[in-house]
K.L.:
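First, the structure itself, so that you have it in front of you.
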Amino acid sequence: GGEPVIKMSTTTSTQASGLLDMLLPNFTKDTGIEVKVFAKGTGAAIRDGMDGNVDVIFVHAKAREEKFVSEGYGTRRYAVMHNDFVILGPPEDPAGIRGMKDAAAALKKIARAKAKFISRGDDSGTHTKEQALWAATGLPLVTKTTTVVKGGIKRALAFKHPQGLGTWYLSIGQGMGKALTYANEKQAYTLSDRGTYIKYKLGRKEGLDLEVLCEGDEMLYNPYGVIPVNPEKYSHVKFDLADRFAKWLVSPRGQALIANYKLLGQQLFYPDAIPDAK
Amino acid sequence: MNLLIDSFISAILLLKSLDAEVCAIVLVSLKVSSSSTLIASLIGIPAGFAIAFKEFRGKRITITILNTLLALPTVVIGLFVYAFISRRGIFGPLDLLYTQKAIIIGQVILIIPIVTTFTIAAISRIDDRYRKSAMTLGATTLQTAGVVFREARFGIMAAVIASFGRVIAEVGISMMLGGNAKGFTRTMTTAMALEYDKGEFVLAVALGVILLMISFTVNLFFNYLQGRARV
Amino acid sequence: MNLLIDSFISAILLLKSLDAEVCAIVLVSLKVSSSSTLIASLIGIPAGFAIAFKEFRGKRITITILNTLLALPTVVIGLFVYAFISRRGIFGPLDLLYTQKAIIIGQVILIIPIVTTFTIAAISRIDDRYRKSAMTLGATTLQTAGVVFREARFGIMAAVIASFGRVIAEVGISMMLGGNAKGFTRTMTTAMALEYDKGEFVLAVALGVILLMISFTVNLFFNYLQGRARV
Amino acid sequence: MLFEIKNLTKVYGNRKVLDIPELRLEKGKVYGLLGPNGSGKTTLLEILSFLLPPTTGEIVYDARTVDFSEAFLQGLRREVVMVEQHPILFTTSVYKNVEFGLKVRKEPKARRKRMIHEVLDLVGMREFAEASAHKLSGGETQRVAIARALACSPKVILFDEPTSNVDIENQIAIEGILRDINIQKGISVIFTTHNRIQATKLSDRIIFLFNGKPASSIYENIFSGSISTDGNGNKYCLIHNKVRLAVRTDKTGYVKISVDPKMIKVFPAQDSSAGGHKLVGRVMQLTDEGDHVRALIDIGIPISVLLGREKYKQAPILTGERVELFFPLESVEIM
Amino acid sequence: MLFEIKNLTKVYGNRKVLDIPELRLEKGKVYGLLGPNGSGKTTLLEILSFLLPPTTGEIVYDARTVDFSEAFLQGLRREVVMVEQHPILFTTSVYKNVEFGLKVRKEPKARRKRMIHEVLDLVGMREFAEASAHKLSGGETQRVAIARALACSPKVILFDEPTSNVDIENQIAIEGILRDINIQKGISVIFTTHNRIQATKLSDRIIFLFNGKPASSIYENIFSGSISTDGNGNKYCLIHNKVRLAVRTDKTGYVKISVDPKMIKVFPAQDSSAGGHKLVGRVMQLTDEGDHVRALIDIGIPISVLLGREKYKQAPILTGERVELFFPLESVEIM
Ligand SMILES: Nc1ncnc2c1ncn2[C@@H]1O[C@H](COP(=O)(O)OP(=O)(O)OP(=O)(O)O)[C@@H](O)[C@H]1O
Ligand SMILES: Nc1ncnc2c1ncn2[C@@H]1O[C@H](COP(=O)(O)OP(=O)(O)OP(=O)(O)O)[C@@H](O)[C@H]1O
Ligand SMILES: [Mg+2]
Ligand SMILES: [Mg+2]
């Protein structure tokens, strides 16, 4: 084909929220570059970049993104936008956290009440954030490690959770949408990004019997970054085009499009490169 | 290639450590898949016999529909069962969703067409004289079916083995209806899917290697059964 | 129940609108699954014949291994193929990952055991006199196989139909190796998985209904072929 | 009455392979069923053993009108057992094959064992009890199948060509069995055969089937030939391009004929064989049939002739001798 | 030489079902293969038609030593065709069944058609050309299988009990075919049968198989019986609980015996049948066998006796007559 095409791995939330469906056609219109999107778990998306399968990644796990760049897989992380996490729960709110701002305190109350809590448990950005929040509660945590071999070297994988796994704390190892469905079925608490929540709550006939009970904490901030894959690692990547894409995202045009994107009348993402873009 | 070697070593490590979590997952997998294979066989084999033996209007279209159902996607089955057993569904009060029972229900629906169509295929090629011999010697319909079953046992066994393989390797239904809850409904495949999503490919394949080892053991057992049945 | 009715209506609407996107997805699905079924049949059927006919040491263990491979999880296949065709793999330079070809490779691996084991099951029950008759009448090995194939055609056809059903309903490999890229590698099942992820259950099931309609049409065609072959 | 059949037909596609207006079979008799290939013998036996429903017609078995519903038939099949033309044995041991009918009838184990050994002895297959049934030779298979049916001790046994693959010694044994079960146990027997001598020897009555119909004509000396007219305007039938028989018919071309063996006249051969209608042949075989003696005479084709015993005693013909045959016009029937 | 066999054995499990130290079959001849059930006839034919490898031994076919590799055998199978004991027809039309061997031999289509009609005519199955082969009756199937083999025009045809299910008229036709292909086309024929008369009539040489071995003893009058001793210390064999024959043997218990039909003496029955060793019987059948006449005499069991033609002519016995038989001790062989 004559048209230049680049490949991008991203997390499911950017695709499922509909953001990319709005952004990409505009980008193609502006530059003539087409973007093939592969949506998957954050971990798998970063792996795609490390294996050189794509030209650019667009994810939300800041620490891992920075590691990705420092290990030389990516050229540079462009901070694109953020959205925020919210703690959801059943309308009856058995743990009584409605209206709380302090997320760690809210989780602590849930743990004390042994009210059902659904954890994504999939090492995603959301799960990483959840583990950080639990650490902040000061409750004793259980660390579970698994040993695997990579490149002949043994490596331990750690996974933290509060006591009570399997009783009130359920780790389901699935994506956001599925975690919401699960929490809804079990009428349990969970941590979710606002975009997926709005989509499930308002975008569907089936609705969702869960409400935002805790929001607004600094710690609930969820930044997204875009990173072109380093051509020094993989000579075949289309760095120029990928870099143009990244730069377009953080350009006033890209940032304005993000700021103006509304799902069911609600703003989902807040531009980070030009915070007051309109 | 490294991936495979690494995974193999990791699988051995996992098995050696007799990790309680891994054990639990393996047990859930085995329990769920053997239950659904058993139930589907108990339904599908007699159904296959009935369809193969009886001459009735719409027989060919029945077989065509069964063949169509071989292409039933797990997402459809998952959502279909979900619609019934979710909180809002008719069977909501039974609180089946996200239990092993829910997985079994979905998997049974998944493999009944496999068991049934291959039972039909296995039986329809059995020489009709077996049926006639049994009947003239005074066998009841059930006893006659027993004779034909004996003659077709390898074909039917193949159907059961394939169904077992299908469910133990199945991920969609287990994920949607079981919910992959750690310690309850996490099976080998849902665990693998999770590790894959995390990007932990080595661990995913290591679990796969364990799954294949288990499947191989089960098949050795089937093989032993067939060997005995050969006499 | 509402879910099903809604989905059905949506499926009809989708089809009526002849939505270009839906058409593209259906075409990709059909192309990919028929290619893999065809390739797997071309490999698996002859392999089944060879295994069924030849007497060799390790025949039973070969069959046991094939039976084990019926339980090959899609994640394992996906990662296995990934290890070869990802940019770091030996075949990285071919740039196969996230193409339809990659899906086909994975699916072929998935269903070769199905085609092969059921070909073996179908053939081993065919009266040995067919083989002997063909041979004494002067047939070559290939012509003899042709005769046995003719006699076993319903069983083998069942294997091919089951394989087609397996791949057209398959999601794991398509997702992992195809990447679900819109317009390129998005199949009916990956689209369903996406809609499901989005919480669009109605749309997911609607796509499933379309998939079943297509599978039904394909099976009507198979049925027609069998009807002709019966003469 | 064992069987009373009325207006029985069996139709495959558009071919009526069986068409029996009426047939009555008595209890405790031995019936021999004869007929050319495809005349419907096997089909009739399968219907009489309740394995195949007829297309139309009524069957009364032992005063019970047969309705072809599975539940009803299962009861009847306990009384009527058939041995197929090419029997198939279950892929297990010979012993278990014979055991099947007994297990189904819930015979106690010890009795089963005794009965199995008994019937296997009868057909000379006792030493094969533990052999794999499906690896047996043709004749061995046939004999085990007979034993399997005998073990059921039914009221009626139908044998479809029971000795076709059986060796000479066991043919005698099986013929003996047929007679014995009939005489000693009163079991009714219907069997088919292509061996006329066997049929005459064993059966109380012989039934001929021809094209699915019980034939009025004698099922003997059946030949295919073609009708032609000679120089004198006389019609004749040319058989196998060898033999000419004078006939009276309107048909032309290819026909099937049967020659009544009782109407053929036999004379010692004169060296000057002038007689226009006479044919010369050689006596191949002479068989005792009670009131009659059957002579098989080769005149290019083998012709069967029935002679009255008295006539034969007075003027015996010898095997190997040359004789002259005269075929009256009435002896040849066009079918 | 057509076949030269040396030290051929076939072993199944721990049973040697075939054991032939030496056997030579000439080209252009008709061989009849006789033997009891399970004696190895079918096994031998399958080996001779290169369908079954022997366990040990050497086979030379037409001056070529047979190595049992598939490629080599495929060439030989084009020359040697076998008709199985229970033939199976491909599930297609009769026509296509017969066409198979011709297609494989790449015969042009027009020639194929002609040949198919020709062979179907021979076996009287032309009108069934378009019928579904697997729905035919037993005898029809057997005849089509014969036609299918004939169509291949091989150099050797092996027939395994070719007329076992065939009706009387077609038995004659098939016997004629066997003779004709041998005489007119020089095709070598080997066939098995349980019909002694058929074997004698058709074959240039008869081979007896017994327990897998070509038998030196005469394969006739074979009976199972048990040895006992009477009051005078004389040994006798009791057959079927009916007949006692004096024997000289060391064996006891259950044995198989064969009685040489040439050594039995026949006398007209005296009303005072006092002679100690004599048995009374009734003549059932007399058959012409060229130099000899075979008499089948019922003495409780059917006994076959061979009389010299001259002796028979001088003192003819008649069917239905009562006669006395004398069995010299040498006539009875214990096997
Ligand atoms: N299922 C069938 N479909 C069509 N035709 C059939 C079927 N079964 C039998 N026939 C035909 O019906 C006729 C009678 O068959 P049947 O087997 O009763 O003959 P038979 O008298 O037993 O002959 P044989 O002496 O050869 O055994 C045959 O011509 C056969 O071809
Ligand atoms: N595959 C086998 N495994 C074991 N035994 C076998 C096998 N095939 C044949 N036999 C045995 O070998 C012997 C010879 O069989 P074969 O078929 O050659 O006999 P036959 O002379 O043709 O007998 P018939 O007159 O009954 O046809 C039989 O006793 C049979 O049981
Ligand atoms: Mg018949
Ligand atoms: Mg045989």
Side-chain angles (χ1 to χ4, degrees), chain D residues 12 34-43 85-86 124 128 135-140 142-143 160-161 163-173 176 194-197 219-220 222-224 240 256 282-290 293-294 296 301-302 309 312-313 316 318-321, chain E residues 12 34-43 85-86 124 128 135-140 142-143 160-161 163-173 176 194-197 219-220 222-224 240 256 282-290 293-294 296 301-302 309 312-313 316 318-321:
Chain D
Y12 285 121
L34 268 76
N37 293 142
S39 57
K41 300 182 296 301
T42 299
T43 310
Q85 187 166 6
H86 289 166
F128 284 85
K135 288 179 180 165
L136 296 183
S137 78
E140 289 164 350
Q142 206 164 12
R143 285 151 56 192
D160 201 358
E161 306 192 16
T163 59
S164 57
N165 292 113
V166 171
D167 62 28
I168 303 169
E169 191 195 350
N170 285 292
Q171 276 178 27
I172 300 168
H194 291 298
N195 183 341
R196 262 204 66 87
I197 298 175
Y219 171 59
E220 271 192 273
I222 295 183
F223 303 103
S224 311
H240 285 211
K256 282 215 168 197
R282 190 181 147 94
V283 181
M284 306 287 294
Q285 192 174 60
L286 293 164
T287 310
D288 175 50
E289 290 196 1
V293 171
R294 180 178 303 278
L296 190 71
I301 52 173
R309 163 153 297 285
Y312 167 71
K313 268 197 165 173
L318 302 186
T319 62
E321 253 189 1
Chain E
Y12 285 120
L34 268 75
N37 293 143
S39 56
K41 301 181 298 297
T42 300
T43 309
Q85 187 166 4
H86 289 166
F128 283 86
K135 290 180 180 163
L136 297 182
S137 78
E140 289 165 351
Q142 205 164 16
R143 282 150 58 191
D160 201 359
E161 307 191 16
T163 59
S164 57
N165 293 112
V166 171
D167 62 27
I168 303 169
E169 190 194 352
N170 284 292
Q171 277 178 26
I172 299 167
H194 290 298
N195 183 341
R196 264 204 65 88
I197 298 175
Y219 173 58
E220 270 191 271
I222 295 182
F223 302 102
S224 312
H240 284 211
K256 282 214 166 197
R282 192 181 146 96
V283 181
M284 307 288 294
Q285 193 173 58
L286 294 163
T287 311
D288 175 51
E289 290 195 2
V293 171
R294 180 179 302 277
L296 190 70
I301 52 172
R309 162 153 298 286
Y312 168 71
K313 267 196 162 173
L318 302 185
T319 62
E321 252 190 358

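Throughout, protein chains are lettered first and strands after them, A, B, ... in sequence-line order, and every chain is numbered starting at 1.
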K.L.:
Measuring from atom CD1 of D/I168 to atom CG of E/N195, what distance do you get when rounded to the nearest 0.5 angstrom?
P.N.:
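It is 8.0 Å, given to the nearest 0.5 Å.
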K.L.:
Are side-chain heavy atoms of E/H86 and D/N165 found at a separation under 4.5 Å?
P.N.:
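A side-chain contact under 4.5 Å exists here.
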K.L.:
Restricting to side-chain hydrogen bond (donor to acceptor under 3.5 Å, both in side chains), what partner residues turn up for E/D160, sequence neighbours left out?
P.N.:
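If we apply the side-chain hydrogen bond (donor to acceptor under 3.5 Å, both in side chains) test to E/D160, skipping adjacent residues, the hits are E/T42, E/T192.
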K.L.:
Against chain E, label D/E161 side chain, backbone, both or neither, depending on which of its atoms sit under 4.5 Å from a heavy atom there.
P.N.:
side chain
K.L.:
Pick from E/E321, E/Q142, E/E289, E/E140: which one has the most heavy-atom pairs with chain D under 4.5 Å?
P.N.:
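Top option by heavy-atom pairs under 4.5 Å: E/E140.
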K.L.:
Measure the shortest side-chain to side-chain distance between D/P36 and E/E169 over non-hydrogen atoms and say whether it is less than 4.5 angstrom.
P.N.:
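D/P36 does not reach E/E169 side chain to side chain.
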K.L.:
Take D/R294 and E/T319 through the side chain to side chain contact (heavy atoms under 4.5 Å, CB included) test and state the conclusion after the steps.
P.N.:
CA-CA 9 Å; D/R294 180 178 303 278; E/T319 62; over 6 Å; no
K.L.:
Got D/T287 and E/M284 here, is their nearest side-chain heavy-atom distance under 4.5 Å?
P.N.:
no
K.L.:
Could you have a look at D/R282, D/K135, D/K313, D/Q171 and say which one has the most heavy-atom pairs with chain E under 4.5 angstrom?
P.N.:
D/R282
K.L.:
Please flag which part of D/L296 lies under 4.5 Å from any non-hydrogen atom of chain E: side chain, backbone, both or neither.
P.N.:
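Neither the backbone nor the side chain of D/L296 comes within 4.5 Å of chain E.
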K.L.:
Is D/R143 close to chain E through its backbone or its side chain, or both, or neither, when contacts mean heavy atoms under 4.5 Å?
P.N.:
side chain
K.L.:
Where on D/Y12 is there a heavy atom nearer than 4.5 Å to chain E: the side chain, the backbone, both, or neither?
P.N.:
neither
K.L.:
Taking atom CZ of E/R309 and atom CG of D/L318, what is their separation to the nearest 0.5 Å?
P.N.:
8.5 Å
K.L.:
About how many Å separate CG of E/D167 and NE2 of D/H194, when rounded to the nearest 0.5 Å?
P.N.:
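Output value for this atom pair is 5.5 Å.
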K.L.:
Please rank D/S137, D/G124, D/G176 by heavy-atom pairs under 4.5 Å with chain E and give me the top one.
P.N.:
D/S137
K.L.:
Does any heavy atom of chain E fall under 4.5 Å from the side chain of D/S39, the backbone, both, or neither of them?
P.N.:
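It is neither, since no heavy atom gets under 4.5 Å.
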K.L.:
Among E/P316, E/P302, E/S164, single out the residue with the greatest number of heavy-atom pairs under 4.5 Å to chain D.
P.N.:
E/S164
K.L.:
Output the distance between atom CD1 (E/I172) and atom CZ (D/F223), rounded to the nearest 0.5 Å.
P.N.:
5.5 Å
K.L.:
Decide yes or no for D/N37 and E/V166: does some side-chain heavy atom of the first lie under 4.5 Å from some side-chain heavy atom of the second?
P.N.:
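The answer is yes; the side chains approach within 4.5 Å.
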